[in-house]
Asks: 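First the structure, which I've put down as structure tokens, then a few questions once you've had a look.
Labels below follow one simple rule: chain letters A, B, ... track the order of the sequence lines, proteins then strands, and each chain is numbered from 1.
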Amino acid sequence: MADPINAGTMAGLFGIHGTALGIREARLNVLASNLANADTPNYKARDLDFATALQNASAAAQSPLSAAVDKTSGSMPSPVDLDAAMRYRVPLQPSLDGNTVDSDFEHAAFARAALEYKASLSFVDARVHTMMTAITGE
Amino acid sequence: MSVSGLPIFDIAGSALAAQTVRLNTVASNLANADSVSGDPNSVFRPRETVFSTVPDPGNAGLAGVRASGVIESTAPPVKRYEPGNPLADGQGYVYAPDIDPVAQMVNMISSARAYQSDVEVINTAKELALSTLSLGK
């Protein structure tokens, strides 16, 4: 649910959108952390680089090792490391308390991220409907 | 902080709790802005909330916030000559806490705005989680 994105299983059923949905949720969590710490001295705002995270997740899903592990033992493939895609925000202006959260900027980013989550969700939803149609034949 | 499947609610919730402590501190400062005393040592001391980051142990990179302490100001009380005041000392002086109402109001507005934005985060997260729950319907 949180940062370990189970790329292999998700990729099988929902394609790239399942992986993307997990990363989008992780990004919402990071942005929520920034907003929660908008007044905490010395807090450094962070963000998740979506493109890098998705690339890492796709690479992990396609690697032969994780697929082999998946088939032989039936266990989950290793979760994608989202830390590799974490970046520190470059502050737009200096602040006296060392906090780099720009509340307005984070707000806009959060709203956008929520919309992107909804978009990914609608793709996953469409896939579910497709599967249901295939199963029920109606 | 609990390790739950939806850490966003824990994070935004921790911020609501911390901002509430800050609002309470401001309220107490404003309420006592005019409480004078004849003894400089027993005057109300303005308080200030200190925030600190609480990293989420289950999720690297995520962090909530907590009001780690409320410190008392060391600013000396303001000395005023009010011989008619029943609380005045022998020389006719009363002592008032050094509280700047404008600064307190600014602090209050900042805190209220932060509280509002965290409520918005919770509402958005709730809406998204509900849409996810109704997947395929």
Asks: Inspect the surroundings of CD in Glu82(B) and state if more than 12 heavy atoms from other residues, nucleotides or ligands are less than 6.0 Å away.
Replies: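 Yes, enclosed.
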Asks: Between Phe9(B) and Leu28(A), is there a shared hydrophobic cluster once you connect ILVMFWY residues whose side-chain heavy atoms come closer than 4.5 Å?
Replies: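 Phe9(B) and Leu28(A): one cluster.
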Asks: What part of Met132(A) lies closer than 4.5 angstrom to a heavy atom of chain B: side chain, backbone, both or neither?
Replies: neither
Asks: So do Glu25(A) and Leu6(B) actually touch side chain to side chain, heavy atoms under 4.5 Å?
Replies: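 Counting from C-beta outward, Leu6(B) and Glu25(A) do come under 4.5 Å.
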Asks: Just to be sure I understand the criterion: a residue of residues 30-49 of chain A counts if one of its heavy atoms is under 4.5 Å from a heavy atom of chain B. Which ones qualify?
Replies: Val30(A), Ala32(A), Ser33(A), Leu35(A), Ala36(A), Asn37(A), Asp39(A), Thr40(A), Pro41(A), Tyr43(A), Arg46(A)
Asks: When you look at CD of Glu48(B), are more than 12 heavy atoms from neighbouring residues, nucleotides or ligands closer to it than 6.0 Å?
Replies: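 No, because the 6.0 Å sphere around CD of Glu48(B) holds 12 heavy atoms or fewer from other groups.
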Asks: Could you tell me which residues in residues 87-109 of chain A have at least one non-hydrogen atom under 4.5 Å from a non-hydrogen atom of chain B, sorted by residue number?
Replies: His107(A)
Asks: Would you say Asp125(A)'s side chain and Leu135(B)'s backbone share a donor-acceptor pair under 3.5 angstrom?
Replies: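 The answer is no, because no donor-acceptor pair under 3.5 Å joins these two groups.
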Asks: If we only count heavy atoms from C-beta on, is the Leu121(A) to Leu128(B) side-chain gap below 4.5 Å?
Replies: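 Side chain of Leu121(A) against side chain of Leu128(B), heavy atoms only: no contact under 4.5 Å found.
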Asks: Taking a hydrophobic cluster as the set of Ile, Leu, Val, Met, Phe, Trp and Tyr residues connected by side-chain heavy atoms closer than 4.5 Å, whether directly or through intermediates, do Ile135(A) and Phe14(A) fall within one such cluster?
Replies: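 Per the 4.5 Å side-chain linkage, Ile135(A) and Phe14(A) are not co-clustered.
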Asks: Identify whether Ile8(B) and Tyr115(B) are in the same connected component of the hydrophobic contact network (ILVMFWY, side-chain heavy atoms under 4.5 Å).
Replies: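 They do share one cluster, since a chain of ILVMFWY contacts under 4.5 Å joins Ile8(B) to Tyr115(B).
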Asks: Arg22(B) versus chain A, heavy atoms under 4.5 Å apart: side chain, backbone, both or neither?
Replies: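 Arg22(B) touches chain A through side-chain heavy atoms alone.
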Asks: Counting heavy-atom pairs under 4.5 Å to chain B, which of Lys118(A), Met131(A), Met86(A) comes out on top?
Replies: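 Among the listed options, the one with the most contacts to chain B is Lys118(A).
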Asks: Above 12 or not: heavy atoms from other molecules or residues under 6.0 Å from CG of Asn123(B)?
Replies: yes
Asks: Should Asn59(B) and Asn29(A) count as side-chain neighbours, where that means a heavy-atom distance under 4.5 Å?
Replies: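 No; the side chains remain at least 4.5 Å from each other.
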Asks: Do Ile99(B) and Val78(B) belong to the same hydrophobic cluster, where Ile, Leu, Val, Met, Phe, Trp and Tyr are linked whenever their side-chain heavy atoms lie under 4.5 Å apart, directly or via other members?
Replies: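 Ile99(B) does not cluster with Val78(B).
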Asks: Taking a hydrophobic cluster as the set of Ile, Leu, Val, Met, Phe, Trp and Tyr residues connected by side-chain heavy atoms closer than 4.5 Å, whether directly or through intermediates, do Leu16(B) and Val26(B) fall within one such cluster?
Replies: no
Asks: Given side-chain hydrogen bond (donor to acceptor under 3.5 Å, both in side chains), test Ser131(B) with Tyr117(A) step by step and report yes or no.
Replies: CA-CA 10 Å; Ser131(B) 325; Tyr117(A) 180 91; over 6 Å; no
